[in-house]
Structure formats: C-alpha cells, structure tokens
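A short worksheet on the structure shown next.
If you're wondering where the values come from, they're calculated on a predicted model, not measured in any experiment. In what follows, chains carry the letters A, B, and so on, assigned in the order in which the sequence lines appear, proteins first and then strands, with residues in each chain numbered from 1.
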There are 2 protein chains.
Amino acid sequence: MAYKTDIEIAREAKKQPIKEIGEKLGIAFENLVPYGHDKAKVNQDFINSVQDRPNGKLILVTAINPTPAGEGKTTTTVGLGDGLNRIGKKAAICIREASLGPNFGMKGGAAGGGMAQIVPMEDMNLHFTGDFHAITAAHNLLAAMIDNHIYWGNELEIDERRVTWRRVLDMNDRALRDVVTSLGGVANGFPRQTGFDITVASEVMAILCLSTSLDDLEKRLGDMIVAYRRDRSPIYCRDIKADGAMTVLLKDAMQPNLVQTLENNPAFVHGGPFANIAHGCNSVIATTTALKLADFVVTEAGFGADLGAEKFMNIKCRKAGLAPDCVVLVATVRAMKMNGGVAKADLGAENVDAVKAGCANLGRHIGNLKSFGVPVVVAINHFVTDTEAEIQAVKDYVKTQGSEAILSRHWELGSEGSAELATRVAKIAESGASQFAPLYPDDMPLFQKIERIAKSIYHADEVLADAKIRAQLREWEEAGYGNLPICMAKTQYSFTTDPNRRGAPTGHSVPVREVRLSAGAGFVVVICGEIMTMPGLPRVPASETIRLNDEGLIEGLF
Amino acid sequence: MAYKTDIEIAREAKKQPIKEIGEKLGIAFENLVPYGHDKAKVNQDFINSVQDRPNGKLILVTAINPTPAGEGKTTTTVGLGDGLNRIGKKAAICIREASLGPNFGMKGGAAGGGMAQIVPMEDMNLHFTGDFHAITAAHNLLAAMIDNHIYWGNELEIDERRVTWRRVLDMNDRALRDVVTSLGGVANGFPRQTGFDITVASEVMAILCLSTSLDDLEKRLGDMIVAYRRDRSPIYCRDIKADGAMTVLLKDAMQPNLVQTLENNPAFVHGGPFANIAHGCNSVIATTTALKLADFVVTEAGFGADLGAEKFMNIKCRKAGLAPDCVVLVATVRAMKMNGGVAKADLGAENVDAVKAGCANLGRHIGNLKSFGVPVVVAINHFVTDTEAEIQAVKDYVKTQGSEAILSRHWELGSEGSAELATRVAKIAESGASQFAPLYPDDMPLFQKIERIAKSIYHADEVLADAKIRAQLREWEEAGYGNLPICMAKTQYSFTTDPNRRGAPTGHSVPVREVRLSAGAGFVVVICGEIMTMPGLPRVPASETIRLNDEGLIEGLF
C-alpha cells in the first residue's frame with residue numbers, strides 16, 4: 001500500500017473556517033483576530049474574561065531519547081487530541097511554532113504527520129502570524145538602544161566589552177555568529193565584538209513563552225541583564241528604557257494562535273523557545289488559556305523526557321502553577337530496536353530480541369516521570385512495519401515497569417487509530433491520581449538543584465564544575481537569584497553528555513562547561529557540552545529548490 | 001478652538017469591518033485575507049480575475065519642495081479621496097506603508113492628519129501585515145546563501161571583497177552600518193567587511209513595489225546583481241539560486257493591503273521604497289488593482305515633485321504602463337512664507353509679501369509637471385492660521401502660471417472641506433485632457449537621461465561627473481542596461497543639490513558622486529550628495545517612552 005506524503009495529505013485537508021474552530025471552544029468571532037481564514041489569534045480581553053473558569057485536564061506528551069528512527073512526539077500529540085475529541089471529550093492541542101530559518105537549510109517540518117497533522121502547514125513553516133518577526137524586532141530594538149546609549153555619552157557607564165546582549169535573526173547564517181560592529185568612524189559608534197543568534201534562542205522568546213500577561217511580560221523584559229559595568233554591576237533592560245517599547249512590539253505576539261487539525265479540532269500553536277538554552281515548551285498563555293476553554297489539553301515538551309519533560313515540570317509548571325494530570329511517553333518499536341543495537345538500514349526486519357534489549361531507555365524514562373507524581377502511559381506510535389511480536393515485547397516490558405503501553409495508529413488512521421489511547425488517557429487524567437510535585441524546592445541552592453537533576457533524572461554519579469562556575473552560582477545566589485530553577489542544556493540523545501551512549505547508562509559524570517543567568521525568563525542555564533545558537537546552512541540548502549510552481553503551490557519546502 | 005491630536009481622532013474612528021470596505025470595491029470576503037477585523041490583503045486570484053476590466057482615472061498628489069512648515073501631502077491625498085467619495089465618485093486611495101525602525105527614533109507618523117487619516121494608525125506604525133518583515137527575511141536569506149556558497153567551496157568564484165549584497169533590518173541601528181562578519185574561525189566562514197541597511201532601502205523592496213505579478217517578482221529578484229568575480233563579471237541572485245525561495249517568502253507580501261479612511265473609504269497601503277535610492281511610490285500592484293476596482297484612484301509620490309513626481313512618471317508609470325489623468329500639487333501658505341524668507345517661529349503672522357516672494361518654487365513645479373503633458377491643480381492645504389489675503393495671493397500667482405489653486409480644508413472638516421477640490425479634480429480627470437508622456441525615451445543614453453532630468457526638472461546648467469562615472473555608465477550600456485530609467489538621489493529640499501537653496505534657483509550644477517545599478521528593480525541610481533541608508537537613533541529615542549498604558553493603549557508612539 002502506498003501512503004501519501006504529509007504535504008499531500010495537508011493540502012487535501014478540508015479546513016473549516018477559523019470562526020467555526022473558535023466556536024468549538026466558545027470563542028466568538030469578535031474575540032478572534034483572524035490572519036486569513038484559517039488562522040487567528042485569541043484576543044487579550046477574551047483571555048482575561050475566562051480566568052475564573054476551572055481548568056481542564058492537562059496531558060503532557062513526551063518521548064524517549066530521540067533516535068534516527070524517529071519517535072513521532074508531535075504526531076502523537078495531534079493524534080491524541082483528535083482521539084479525545086472522537087470519544088466525545090472537548091480537547092485542545094498546544095504545540096510550539098516552527099522557526100523559519102532552519103527551513104531554508106533542511107526541509108521544513110510538518111506539524112505532526114500522516115493523518116495526525118495541524119494545518120495550514122505552509123503558513124506554519126513560513127511567517128505564520130508574525131510572532132517570531134515581532135520577537136526579532138523587539139530583541140534588536142534593545143540591541144540598537146544599548147549601542148545608542150553608549151554612542152550618546154554612556155551615562156550608565158556600560159563596559160562595552162561586557163555587553164552580553166547580542167542581536168538575532170530568524171535565519172541560519174553562520175557569518176553572523178561572530179562580528180565586529182560600529183566600524184567606519186566616529187558616526188557609527190564604538191567598535192566592539194559581538195554576534196547574532198537565531199531568534200528562537202533569544203531570551204525574549206523564553207520570556208514571551210513564560211509570561212502570564214502583558215504586565216508580566218514587561219516586568220520580565222525589564223529584568224533582563226544586558227551588560228555589565230567595569231565594576232561588574234549589571235545593567236538591566238529597564239536601565240536602557242527599552243522594556244516599554246519592546247512590550248508594544250510584542251503585544252500581538254503574546255496572543256495565542258489558533259489553528260486546526262486535519263479533523264478540524266482546535267490547536268494552539270504559540271511560541272517556540274530553544275529546548276537547550278531555554279525550556280522548549282509552547283507558551284504558558286496558550287496552555288493556560290486552552291485549559292480554560294477545553295476539558296482536556298494535550299501539550300508536548302521538546303527533546304526526550306530527560307530534558308523536555310524535566311523542564312516542563314520544573315520550569316513551566318512551577319512558574320505557571322500548572323500540574324499535569326497524565327504523561328504520555330511516546331516510544332516506537334523501531335527506536336527500541338535502535339537502542340537495542342540495530343542499524344537504521346536494518347529496522348525493517350523483525351527483531352524481537354533487539355526490541356527487548358532496547359527497552360531499558362524507555363524504562364528509565366517511565367521511572368523518572370513517575371518520580372514527579374504523575375501517572376505515565378506509554379504510547380507505541382505504530383509504524384506499518386512493526387510486527388505483532390515486537391509490539392507485544394514492548395507492552396510486556398512496560399508492564400514490568402508498573403505502567404501500560406497502548407498501540408496507537410493515528411498516523412495511518414487518524415483519531416480512529418488513537419481512540420483506545422485517548423480512552424485510557426482520559427480515564428487516568430479524570431481519576432485524580434496525579435500527585436504532581438516538582439523535583440526540587442525553590443530554595444535549594446543552585447548547585448544542589450543541578451545535582452538533583454543529574455542524579456535523579458540522568459542517574460549520574462556526580463556533577464563536575466570548576467571553582468569559577470561554583471563561585472558564579474554563589475554570586476547569583478547572593479544577588480537574589482538563588483530561587484530560580486535550572487535550565488539544563490545538554491545533548492538530547494543520551495541520559496549522559498555523550499550523544500552516543502544510548503540505553504540507560506549509569507556511573508557517568510555531568511561536566512558543567514558554563515552557566516548563564518536568564519534573569520528575565522527566570523532560570524539559570526547550565527551548559528554541558530557545545531551549544532550552537534546560530535546554525536549554518538548545509539552545502540546544498542533547501543532554499544535552492546524552494547519555489548512556487550505553476551499552480552502557485554510551494555515546492556521544495558517539505 | 002482646541003483641536004484634537006491625530007491619535008485622539010484616529011482612536012475615535014468608527015471603523016467599519018474590513019469585509020464591508022472590501023464590498024465597496026466589489027471584493028467578496030472570501031477574496032480578502034483578513035488581518036484582524038480592520039485590515040486585509042486582497043488575494044492574488046481575485047487580482048488576476050479583474051485584469052480585463054477598464055482602468056479608473058489616476059490622480060497623482062505631489063508637493064512643492066518640503067519645508068519645516070509641513071505641506072500635508074498624505075493628508076491631502078486622503079482628503080481628496082474622501083472628497084471624491086463624498087461627491088458620489090467611487091474612489092480609492094493608494095499610499096505607502098510606514099517603516100518600523102524610524103518610529104523608535106522620532107515619534108511615528110499618522111497616515112494623513114486631522115480629519116483626513118487612514119486607520120488603524122497604530123498597526124500601520126508597527127508590524128501591520130508583516131510585509132516589511134517578509135522583505136527583511138527574503139533579503140537576508142539571500143545574504144546567508146551568498147556567504148554559504150563561499151563557505152562550501154565558492155564554485156561561482158565570487159570575489160568576497162566584491163560582495164555588494166548587504167543585509168537589512170527594519171531598525172535604526174548605526175552600529176550595523178559597517179561591520180566585519182565571519183570572525184571566530186574556520187567554521188564561521190571567511191571574514192569580510194560589509195554592513196546593514198534599513199529594510200526600506202533594500203532592492204527587494206523596490207522590486208516588490210514595481211512587480212506586476214509573482215512571476216515578474218521572481219524574474220526581477222533573479223536579475224539582481226549581488227557580487228562580482230575577480231574578473232569583474234557579475235554574480236546574479238539567480239546564480240545563488242535564491243530567487244525561488246525569496247519569492248515564496250514574499251508571496252503574501254505581494255498582496256496589497258486594504259484599510260480605510262476615517263470616513264470609511266477604501267485605502268490601499270502597500271510597499272514603501274526609499275524615495276532617494278529607490279522610486280518612493282506605493283506598489284504597482286496596489287495601484288493597478290485599485291484602478292480596476294475604483295473609478296478614481298488617488299495616489300502620492302515621495303518628497304517634492306522634482307524627485308517624487310519625476311520618478312513616479314519616469315519609473316513607475318513607464319514600467320507599469322500607467323498614465324496620470326491629473327496631478328494635484330500640494331502647497332501651503334506657510335511653506336510659501338518660508339520660501340519667501342520667513343522663519344518658522346514667525347509663520348503665525350500675516351505676511352502677504354513673503355507669500356508672494358515664496359511662490360517661485362510652486363511656479364516651477366507647475367511648469368515641470370505640465371511638461372509631462374498632465375493637467376495640474378494646486379491644492380492649498382489649509383492651516384487655521386492662514387489669512388484670506390495670503391490665500392488669495394497664492395491663488396492669484398497660480399493663475400499667472402496657467403493653473404488653478406483651490407483651498408482645501410480636509411484637515412479640519414474631512415470631505416466637507418475637500419469637496420470643491422474633488423469636484424474640480426474629477427472634472428479634469430474625466431475630461432481626457434491629459435496627454436502623458438515620460439520625460440525621456442528608453443533608448444536615450446544614460447548620461448543624457450541624467451542631463452535631461454537635471455536641465456528640464458532642476459533647471460540646472462550642467463551635470464558634473466568624472467570620467468570613472470561616465471565610463472561606468474557606458475559599461476552598463478554595453479552590458480544591456482542602457483534602456484533603464486534613472487533614479488535620482490539628491491536632497492529633497494531644493495531643486496539643487498544644496499538643501500539650503502529654496503525657491504527656484506538657476507545656474508547651478510548637479511555633481512554626480514556615485515552611480516549604482518539596481519538591475520532587478522530596473523533603474524540606475526544616480527547619487528548626488530550623501531545618502532544615509534541606515535539611520536541612527538537620537539540622543540533620547542522615542543522608544544524610551546513608548547509603552548502600553550493601564551488601559552492597554554500605546555503611549556509615546558505618536
């Protein structure tokens with residue numbers, strides 16, 4: 001049987017007018033800000049008006065450590081949302097927006113896959129509703145104002161060698177990683193070395209995704225540290241007086257975007273912070289709004305559960321007062337086989353022993369997630385090559401871990417294929433079994449928080465950090481930042497800091513290379529390994545073949 | 001009598017849903033792409049479907065050389081459009097979009113003023129429908145692909161010292177004027193000196209505003225010269241294979257934006273190329289579409305008539321096959337007084353002699369505009385301090401120039417104040433009196449075209465250009481660019497290249513400092529004087545006071 005591609009399926013979607021999608025959540029058209037006929041923002045007044053309503057149930061979709069075999073986390077998120085609607089539940093989906101820049105390097109991604117997708121796919125891979133452009137503008141306004149302040153006399157006594165605020169573009173452009181600005185003479189300012197990051201790496205992006213209101217947004221923007229004086233005292237965005245104008249630039253971007261699945265169920269697609277130097281979840285305002293409008297909200301976290309779910313729990317839920325009612329851990333037979341030592345080329349052949357051998361990674365994630373007090377269901381995202389025996393091997397293993405694995409065929413069948421998963425998840429979420437608690441208290445010292453994550457989640461023996469890093473953490477504690485959560489930046493491919501160590505390793509160390517304070521977003525970034533915040537384009541970038549064909553359809557983007 | 005500010009008036013506007021504004025022009029809602037409830041794009045299919053309709057009458061609004069007194073060109077454009085609708089004509093307005101960056105320096109501008117404005121003003125001064133962000137992204141994608149090409153082996157043999165394609169941001173940021181990129185080692189490419197311009201200075205902006213279709217857009221983008229080899233042979237955007245992806249990024253931005261006046265009449269606000277290094281008019285596609293939908297289209301050109309109207313006639317009309325049916329030349333009593341030697345502080349006092357003395361500038365513009373074969377009406381944009389005698393002095397003078405001046409009070413009274421002007425303009429436009437012809441033929445040598453403009457429009461004696469510049473022009477002629485029109489870049493404040501020489505000077509020379517080829521836009525830029533393509537922020541930028549107030553309204557932007 002030949003399957004259609006994601007883009008073919010998406011183009012055949014029978015979209016409903018966004019007005020009707022809004023009505024499904026009780027949002028009158030006047031409270032939608034339409035962007036075309038198939039996208040809309042939900043306006044701030046309406047969001048304010050529903051704050052007293054009770055919350056629906058919150059379901060987090062996360063995954064094992066990713067392998068080249070592909071896990072299908074977003075596909076499962078969409079499929080589960082559709083499945084819940086199919087069994088008569090009022091459910092909404094919350095996922096991240098895509099970054100524009102990387103689409104010109106590798107081909108752009110669908111939001112989901114097969115029969116479990118969110119549309120309009122093309123728009124979501126291009127400008128969408130302009131949120132990222134607004135973030136770029138706000139970020140770069142602050143940069144321009146910093147250099148402008150120095151130019152006009154530097155009243156704040158900024159040490160221009162210690163301006164930490166860089167610039168951003170939503171573009172893969174390695175030439176901008178490291179630049180010298182203000183060349184060309186007196187009229188152009190004081191030359192200094194700086195650089196550009198990709199927009200999703202901006203602290204403004206992390207802030208937009210953690211803010212609960214425009215007031216909160218403005219306060220957090222003001223709190224950002226942008227430079228230091230010669231005496232090492234910090235200069236805040238507020239000192240530059242950029243926070244007000246940045247808030248004005250971001251006021252529309254703060255409104256969550258509403259779109260739909262192939263099955264015409266509502267989906268919020270809003271915000272997209274990096275999953276390494278930031279927390280990697282869609283916006284708090286989208287999730288909290290969805291919880292007021294739907295009985296079930298299905299959302300996802302970036303990377304594998306060791307990074308994504310950990311940050312979802314310890315950063316997003318902590319900051320926003322959220323508590324997940326159920327976690328769905330996505331796994332595939334293929335990924336189990338790769339964890340069991342099978343090469344990608346050989347994944348087509350049945351290999352039950354490899355599946356069994358590869359289940360350890362899955363098992364550790366189950367245990368980790370349970371340690372947050374939340375019930376865990378494993379969703380086996382079905383591939384058409386999976387055999388009965390392989391699927392059964394995963395199910396049997398999961399049972400030994402005190403959990404349950406359910407096969408879900410949403411990719412092939414849409415909600416018909418995910419109804420069983422949805423039924424089980426709804427029952428657990430409604431049971432009230434969840435006893436969510438974050439992994440560490442606010443008042444634990446910063447270094448101990450890092451150790452807690454490394455030992456409890458990564459199952460490492462120790463955290464390695466030199467005296468300078470430990471001193472920096474103590475300094476921040478003395479400056480009043482000791483209550484912040486930790487945002488770990490390490491490889492997503494392993495519980496360790498070595499991307500090649502699959503499975504469930506023990507006995508390893510977690511070396512900390514660098515720590516950074518995101519004072520506005522409100523977390524301490526702990527960097528373990530190389531983190532690239534401005535990607536480059538490949539030898540033959542996708543952009544060389546992207547074009548409009550004679551029918552006006554986009555070719556080469558997918 | 002106390003008058004309300006522009007922003008106060010704009011906020012009290014009783015806007016109609018954009019659906020209804022579209023209906024006035026016969027555009028069904030399904031053919032609009034809404035952005036909120038008060039903005040929309042007109043979709044490409046609809047535009048294609050009306051191409052066989054006859055054109056309405058085209059009215060160009062231009063002005064004398066600007067003075068610090070203010071002329072009110074856009075205000076008159078809006079007032080005239082409302083006036084035409086008031087007297088029962090089906091009229092639409094076409095103006096340019098505002099650039100975001102400068103609004104953070106000086107306060108943002110209204111689109112019009114008083115009772116003659118286009119709304120929503122806030123959106124139009126912020127992200128609007130994202131067109132400029134799309135241009136920024138398309139421009140910078142090409143830049144990234146050029147450096148990427150060099151990085152991966154430089155098959156095209158680009159001389160990295162001769163990459164002419166810079167980057168852009170819609171931001172006033174002097175630190176980016178002159179930068180060195182690709183520092184930091186092998187992984188970041190080859191270090192080279194380059195810089196950023198503001199987005200409106202991008203050739204992509206000029207191209208978007210001159211293209212008649214997406215196919216035309218793609219071809220023109222491909223034609224852009226982005227670098228040279230060591231042997232000086234050009235590298236085109238097409239060689240970099242960026243034209244297709246840039247077109248995809250620009251496909252929504254190519255659709256004209258529809259908004260409304262305070263009196264709920266339709267206005268297209270689309271495109272905004274620089275008026276010095278580019279042609280300074282709104283998009284061809286907006287103007288040509290409006291001409292298919294309305295019986296009268298009122299549009300404007302940048303700067304004074306010596307630059308703006310000249311380029312409108314010789315570049316935009318030539319390229320798009322347009323012919324204006326009437327030109328409205330905006331003047332004010334105050335500006336006549338300043339041209340007559342009165343200081344700005346003394347403009348409040350009656351001074352008929354100064355008005356008379358200052359009319360020479362107006363007279364020359366009348367004569368220049370008539371030389372294009374188009375009837376000219378002078379609109380005296382009324383200020384409440386104007387006296388009867390002063391107004392009469394202007395009217396009398398204009399009569400001696402074989403034209404007619406009509407007082408228009410749209411700023412104070414809206415269309416009630418512009419009905420007389422509208423009646424007169426409609427009569428002239430409908431009379432068929434216009435015999436439009438551009439100033440020079442396509443096949444005139446480039447330097448002769450420059451001389452023709454300098455002598456016929458600026459009334460200069462000669463054009464000064466050194467041998468190198470003349471050789472460059474000849475080289476372009478040999479390369480097949482000799483048929484292009486000229487885009488003059490000189491001060492807007494004088495017929496000469498000296499901004500301080502008001503009135504109607506003669507005997508001057510026009511020194512050419514530099515020439516540039518915009519091969520995609522399709523013109524040769526002739527630079528006479530210093531042209532700044534990346535502004536800076538002032539000592540106390542407006543952005544320091546821009547904020548949302550407690551009611552959620554934007555403060556400080558206006």
*Relative to chain B, which segment of A:I150 carries a heavy atom at a distance below 4.5 Å: side chain, backbone, both, or neither?*
neither
*Just checking, any donor-acceptor pair under 3.5 angstrom between side chains of A:N188 and B:R174?*
no
_Residue selection (most heavy-atom pairs with chain A, distance under 4.5 Å) from B:V33, B:D147, B:L141, B:L548_ = B:L141
_So for A:F104, is it side chain, backbone, both, or neither that comes closer than 4.5 Å to the heavy atoms of chain B?_
side chain
*Of all of B:F196, B:Y151, B:Y35, B:F190, which one pairs up most often with chain A through heavy atoms under 4.5 Å apart?*
B:Y151
*Is it the side chain or the backbone of A:N172 that comes within 4.5 Å of chain B heavy atoms, both, or neither?*
backbone
*Show your working on ring pair (Phe, Tyr, Trp, His ring centres under 6.0 Å) between A:H37 and B:F29 and close with a plain yes or no.*
CA-CA 10 Å; A:H37 298 279; B:F29 189 50; 5.0 Å; yes
*Candidate pair B:T545 and A:K241, rule side-chain contact (heavy atoms from CB on, under 4.5 Å), full reasoning*: CA-CA 8 Å; B:T545 49; A:K241 299 181 187 160; over 6 Å; no
_Option that, when pairs with chain B are counted at under 4.5 Å, heavy atom only, ranks first among A:G189, A:G556, A:A137_ = A:A137
*Highest number of heavy-atom pairs under 4.5 Å with chain A: which of B:E544, B:R539, B:M171?*
B:R539
*Please examine the side chains of A:K251 and B:I554, heavy atoms only from C-beta on, and report whether any two atoms are closer than 4.5 Å.*
yes
*Check whether any side-chain heavy atom of B:L169 sits under 4.5 Å from a side-chain heavy atom of A:L169, and report yes or no.*
yes
_Does any backbone or side-chain atom of A:H133 lie under 4.5 Å from a heavy atom of chain B? Answer side chain, backbone, both or neither._
both
*Which bit of A:L214 comes within less than 4.5 Å of chain B, counting heavy atoms only: side chain, backbone, both or neither?*
side chain
*Partner chain B: residue of A:A143, A:G153, A:A187 with the largest heavy-atom pair count (under 4.5 Å)*: A:A187
*Heavy-atom distances under 4.5 Å only: say whether A:E555 touches chain B with side chain, backbone, both or neither.*
neither
_Side chain, backbone, both or neither of B:D170 within contact of chain A (heavy atoms, under 4.5 Å)_ = neither
*Any residue of residues 242-249 of chain A which, by heavy atoms, sits under 4.5 Å from chain B*: A:G244, A:A245, A:T247, A:V248, A:L249
*Which bit of A:R167 comes within less than 4.5 Å of chain B, counting heavy atoms only: side chain, backbone, both or neither?*
side chain
*Is the backbone N or O of B:P538 less than 3.5 Å from a side-chain atom of A:N148, with the two atoms forming a donor-acceptor pair by type?*
yes
*Under 4.5 Å from any heavy atom of chain A - which part of B:E122*: neither
